[in-house]
Protein chains: 2
Amino acid sequence: MSKRNIDLKEQLNNSSYKLTGQRQAIMDLLTENNSEHLSADEIYKMLSEKNTGIGIATVYRTLSMLEKLKLITKINIDDGCVRYQLSDPRSEHEHHHLICECCGCIQDIKDDLLESLEKQVLVENGFHVYNHKVKFYGICKKCYIE
Amino acid sequence: MSKRNIDLKEQLNNSSYKLTGQRQAIMDLLTENNSEHLSADEIYKMLSEKNTGIGIATVYRTLSMLEKLKLITKINIDDGCVRYQLSDPRSEHEHHHLICECCGCIQDIKDDLLESLEKQVLVENGFHVYNHKVKFYGICKKCYIE
DNA sequence: CTTAGTGCAAAACATTTGCAAACCA
DNA sequence: TGGTTTGCAAATGTTTTGCACTAAG
């Protein structure tokens, strides 16, 4: 059992949620495939292949709960469904995403370089920024070379 | 008729689309309510109140066409539907959005201050950025004061 | 035990599509 | 007139919900 799964159990207990096999299985899947940015349907299909008998409603309810606990984060790349990624426990801010318009791959960059921009937003707009989501669209290294 | 509507007619002719009353009405609505970031359903309901008889399918088809022509731009604030905004003809890049988690308002900021970050992304990840979408979440001036 | 969690099926939305009728160029 | 465009309704795809059953604490 990985370190991250122990976190799950603690988090659920702290929030008076129960640890069930289904929730564990979904969290495991997200942990093992974090770079895939899985959607609810993809998770459901992967669990079905393992004959876990977990229903699609449970997948949606679990993802919603995990997001409420800030263990995972929504990402939306306008492909018709919401995708999820483990939250970065070291950062209050989210990953930034590089979305390749050629092959559709999604890379993460973890830099948090928007602080000066956020300060400017506060000064110019009086808007207090707590979080941001940044997506860069372009061509990834692999596609660019080929 | 506003300057922007003349642009629409030109754009449609240039792309061998026909200018119809429905397309004009939808573009007018978007122009008059640009700061509202309207969704397809909101546009449909507003047109229905005016008894224009425009169908929801036409709204979706028109929005899709206008986006293809780069006259409008999708924005997604994870509220269950896609919203649209007039493209800024002076900028190849999109508006950034300030989304208030208190009152739900969406403000635009037009600054294009991510260029140094994009350069860094190219150097560190070999990713060629063509466009970006940035959303800042926080508390707007009005909510912060009240 | 007792309440929260689950699977199933139906419902609810957002969006897309097929098609005959209407309309622009 | 002839090919687009439209409205309608049906279809699609994603997500949510009601409910009886199950299981965690």
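Throughout, protein chains are lettered first and strands after them, A, B, ... in sequence-line order, and every chain is numbered starting at 1. What you are looking at is a predicted structure, and each value in this text was computed from that prediction instead of being measured.
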(request) Kindly indicate, with the supporting measurements, whether the criterion side chain to side chain contact (heavy atoms under 4.5 Å, CB included) is fulfilled by B:Leu69 and B:Ser15. (result) CA-CA 8 Å; B:Leu69 296 178; B:Ser15 310; 3.2 Å; yes
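The nearest whole Å value for the distance from the CD atom in A:Glu10 to the C1' atom in D:dG25 is 17 Å. Computed from coordinates, the A:Leu12 CG to C:dT6 P distance equals 10 Å when rounded to whole Å. What separates NZ of A:Lys9 from C1' of D:dA24 is a distance of 11 Å, to the nearest Å. A:Leu19 places its CG atom 17 Å from the P atom of C:dA4, with the value rounded to the nearest Å. One can place NZ of A:Lys68 at 11 Å from P of C:dG5, the figure rounded to the nearest angstrom. For the pair A:Asp78 CG and C:dT15 P, the interatomic distance rounds to 11 Å; values are reported in whole Å. Between the C1' atom of C:dT17 and the CG atom of B:Leu63 lies a distance of 17 Å, rounded to the nearest Å. Look at CZ on B:Arg61: it is 14 Å from P on D:dA9, rounded to the nearest Å.
In this model, the phosphate group of D:dT6 is approached by a side-chain N or O of B:Thr20 to a distance below 4.0 Å at OP1 or OP2. For B:Tyr60 and C:dT16, the shortest distance from a side-chain N or O to OP1 or OP2 is not below 4.0 Å. One finds a side-chain N or O of A:Gln22 lying less than 4.0 angstrom from the OP1 or OP2 phosphate oxygen of C:dG7.
Looking only at distances, a side-chain donor or acceptor of B:Lys133 sits under 3.5 Å from a matching main-chain atom of B:Lys74. Using modelled atom types, no side-chain atom of B:Lys135 and backbone atom of B:Ile75 make a donor-acceptor pair closer than 3.5 Å. Distance alone, capped at 3.5 Å, places no donor-acceptor pair between the A:Ser64 side chain and the A:Tyr60 backbone.
Across C:dT17, C:dG5, C:dT15, the shortest atom-to-atom separation from the side chain of B:Val82 is found for C:dT15. Closest contact between the side chain of B:Tyr17 and the listed nucleotides D:dT5, D:dC8, D:dC19 involves D:dT5. Out of C:dG18, D:dC19, C:dT3, the shortest distance to the side chain of A:Lys18 is found at C:dT3.
Both B:Asn13 and B:Cys81 sit near DNA chain C, but only B:Cys81 has its closest nucleotide nearer the 5' end.
Considering only residues two or more places apart in sequence or on other chains, B:Arg23 meets the salt bridge (charged side-chain N to carboxylate O under 4.0 Å, His left out) condition with none of them.
Taking a 4.0 Å limit (strictly below) on heavy-atom distances, residues 35-58 of chain B reaches DNA chain C at B:Ala57.
Using a 4.5 Å cut-off on side-chain heavy atoms (C-beta onward), B:Leu66 and B:Leu30 make contact.
The minimum heavy-atom distance between A:Tyr137 and A:Asp78, with the atom names listed, is OH-OD2, 4.4 Å.
As judged by a 4.0 angstrom heavy-atom cut-off over every strand, A:Arg23 is placed among residues touching the sugar-phosphate backbone only.
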